[in-house]
Amino acid sequence: MPDHIDSPAELHLLDETLHCSGSWTVGHLAGLRSALRKLVLPAGTTLSVDGAGIAAMDSAGAWLLLELRKRTEAAGGTLEWQLLDASWQRLLEFVESVAGKTQAPLAERKPPSWLDRTAGIGENLIGFLSFIGETVIALLRTVLHPGRVRWTELLDDMFETGFKALPIVGLLSFLMGVVIAYQGAVQLKLYGANIYIADLVGHSMLRELAPLLTAILVCGRTGSAYTAKIGTMQVREEVDALQTMGIPPVDMLVLPKLLSLLIVLPLLTVYSDVMSIFGGMFMASTQLGIGYNAFISRLGEAISYTTFMIGLVKAPVFAAIIAVVGCYQGFRVSGSAESVGRHTTVSVVQSIFLVIIVDAMFSILFSILGV
Amino acid sequence: MTPMPDAGSGREVVISLRGVRTLFGERVIHDGVDLDVYRGEVLALVGGSGSGKSTLLREMIMLHTPDGGSIRLFGTELVGIDEPNADALRCRLGVLFQQGALFSALTVLENVGLPLREHTELDDAMIDSLASIKIAQAGLPPAAAGLYPSELSGGMTKRAALARAMVLEPEILFLDEPTSGLDPTSAGLFDQLILKLKDLLGLTVLMVTHDLDSLWDVADRVAVLGDGRIQGIDSMRALSNSTQPHIREYFEGPRARGTRERKC
Ligand SMILES: Nc1ncnc2c1ncn2[C@@H]1O[C@H](COP(=O)(O)OP(=O)(O)O)[C@@H](O)[C@H]1O
Ligand SMILES: [Mg+2]
C-alpha cells in the first residue's frame, strides 16, 4: 500500500448505506472502534456498503467489513457491497475463504494440579538420582581408563572456572575477612583480648566461611554457566547429535566439568582462606594495633592442621554438588530459550540450597566426631 | 521519502543497492553489489552457500551495516539513517527468518499478535481475530494457534513465522530460504501462498532460495550472487540459457537441468 494514503478509516450510516472512507488498513483501524460500538443497525433491512471512498484496504480492513456483514445478518438483515474496487472484492473473497477456517482461540491451559506437582517432584528426584548414578559410572570408567580423560575440555574448563574466578573470589574473601575481624574487634576490645582476633578470623573463615563463600560464588558463576551451556546444546539438538554418534553426552559434557570443579574448588578454597586471613590481618592492625607478625604467630598457635582440613574436605563435596546439579538441569532443558532460563535459575537455587544443607550436615558430623 | 521511478521501465523501484561492500575481518563478502527491486515483483536471490545472500538480506532489513555503498528502501538511504526513520521503515517490512525465529515463550497466536499489540491501538479481541485470520491465511490449522513453537514441526514453524511477518501488512516481504526443509507438497503450497499474497496485496517479495521449483514458478526475476557481485539478473528462462560462466555453474547441475526440462 503506498505510503501517502494514511487517513484513518471512517464509517457513517446514512439512510441504508454504510459510507466507508479513509484507509482500511491495519494501522488505521483503531479509530473505527467507537464508530462500530455506536453503530445501530436497523433490523431486517438490506444495507449496502458504499466503498467508493476507501483509499486503501488490506486483509484487516477486509475482515472488518466481513464482521460488519456478520452483524447485519445477525440482526436479520443483509449487506451488499457496492462501488467496491475489483481488487478489494477479490481480497474480501480471499479473507472470507480463510476466515471460515479459524476458530475461537483455545481455552487457557490449566495450571498443573497439586497432585501433578507432587508427582513432578518425585519424578524429578528419581531423574536426579539416576543421573548421579550415570555420572558415577562414567567417572569409574574414566578412573579405570585414565587415557579417556578429555584433557582439552578439562583444562579449558579449569581455566574458565578457576583462573577467571580468582579476582572475584579473592576480593570477596578479603572483604569477608575484614568484616569478621571488624565485628570481632569491637567485642574483643571490651575484654582486652585483642590478640584473640587471630583465633576468631582463623576459625570462622577456615573452618566454615571460606569454603561456603567460595562454593556459593562458584554456584552462581559456574553452575549457571554449565546449565546454560548444556541447555543451549539441548535446544539445538547438539546433545541428540552426540548420542547418535555414539558419544555418551555424560562423558563428553559432564565428566570434564565435574573433574575440573573437583580440582578447582579446593584450590579456590585455599586461596579464599589466604585472602580472608589477609583481610583479618589488615583489620587487626588498623583497628586493634596488632602487627602482622604478632597476628601470624598467634594464628600458628590457634589454628591446627585439622581446622584447615575440616574446611578443605568440604570443597570436593560442594564441587560435586555444583557440577552435578548444573549439568542435570542443563539436560532437563527442553525446546526453548525460555526453558534454558528457567532451568538456569533452578540450578543455582538448588545447588546453593544443597551446599548449605550439606554444610550443616558436615557440622553435625564433625561435632559427633568431636573435631 | 519519494519513491523513485526507474528511468527505463517506468516502474517504481522500492529497493535499490549501489556498490554495496561487506567485509568480515579481512574477508570480502560483497564487492560492489548493484540491485534494483521493483514494486510488486518477486525477486529471487540465488548463489552458492556462503556467497553472502543472507548477509545481503540482513543489510536490506537494517540488521547489518554495509562497509560501503548505498542501500535505499522506498528511496530512503539506510546508511546513516536515524532511529525514528528506521522504525518507520521497519513497520513497512516483513521478514521470515531462516529458522522462523518465533518467540519460544509465546504461543503461535501470541507470536502473530505481537506486532499488532506493539504497533496498533486495536483491542485484544480484534488482535486475536486478525491473528487467527493470518494463521489461517498461512495455511495452519486453527488448533495450531494455541501451540508453543517447540511443539511445531518445521513446516508449521515456517507458516507461523510467515503469518507473523505478514500481520502488519508489509509492503515488502523478505524471505530467507522459505521452503528449505519442507516436504514438496508443503513447499508447493507455500509457493502458491506467496503468489496469492503478491496478487491480492500487491506485495513485493525478495526471497533467498535454493528451491528450483520456486525459482521457476514464483520468481519474476532471479538474481545470481557470485564472487561478491550480482552476476546476472533476469527471468529464470533467460538465465537458464545464459552463457555467463558463474550463472552456468549455478544452473548446470543435473537437478537444475532436470527441472528445466520439466518446466520448458
Ligand atoms: N557474523 C559473521 N561473522 C563473520 N563471518 C560471517 C558472519 N556472518 C556471515 N559470515 C560469513 O559471510 C559469508 C556469507 O554468509 P551468508 O550471508 O550467511 O551466506 P549464504 O549465502 O549462505 O546465506 C560466509 O562465508 C560466512 O562465513
Ligand atoms: Mg543463508
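Only a predicted model underlies this, so the values are computations on that prediction, with no experimental measurement involved. Below, chains carry the letters A, B, ... as their sequence lines are ordered, and counting in each starts from 1.
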Give, as side chain, backbone, both or neither, the part of Leu197(B) having an atom under 4.5 angstrom from any heavy atom of chain A.
side chain
Select one option (side chain, backbone, both, neither) describing which atoms of Leu64(A) are under 4.5 Å from chain B's heavy atoms.
side chain
To the nearest 0.5 Å, what is the distance between CD on Glu338(A) and CZ on Phe103(B)?
13.0 Å
Please determine whether side chain to side chain contact (heavy atoms under 4.5 Å, CB included) holds for the pair Trp63(A) and Met126(B), giving the CA-CA distance in whole Å, both sets of side-chain angles, and the decisive distance to 0.1 Å.
CA-CA 10 Å; Trp63(A) 171 77; Met126(B) 203 156 161; 3.6 Å; yes
Might you confirm whether atom CD of Gln99(B) has over 12 heavy atoms from other residues, nucleotides or ligands at distances under 6.0 Å?
no
So Phe94(A) and Gln137(B), side chain to side chain contact (heavy atoms under 4.5 Å, CB included) or not? Walk me through it.
CA-CA 9 Å; Phe94(A) 175 58; Gln137(B) 257 182 21; 3.6 Å; yes
Leu29(A) vs Thr120(B), side chain to side chain contact (heavy atoms under 4.5 Å, CB included): CA-CA, chis, key distance, verdict
CA-CA 8 Å; Leu29(A) 291 178; Thr120(B) 68; over 6 Å; no
Might you point out which heavy atoms bring Leu130(B) and Val26(A) nearest each other, and give the distance in Å?
CD1-CG2, 4.4 Å
Just checking, is any N or O donor in the side chain of Ser59(A) or Glu169(B) under 3.5 Å from an acceptor N or O on the other one?
yes
Side chain, backbone, both or neither: which part of Leu116(B) has an atom under 4.5 Å from a heavy atom of chain A?
side chain
Looking only at heavy atoms, which two atoms of Ala136(B) and Val98(A) are closest? And how far apart?
CB-O, 3.5 Å
Rounded distance (nearest 0.5 Å) linking atom OG1 of Thr25(A) with atom CG of Leu201(B):
11.5 Å
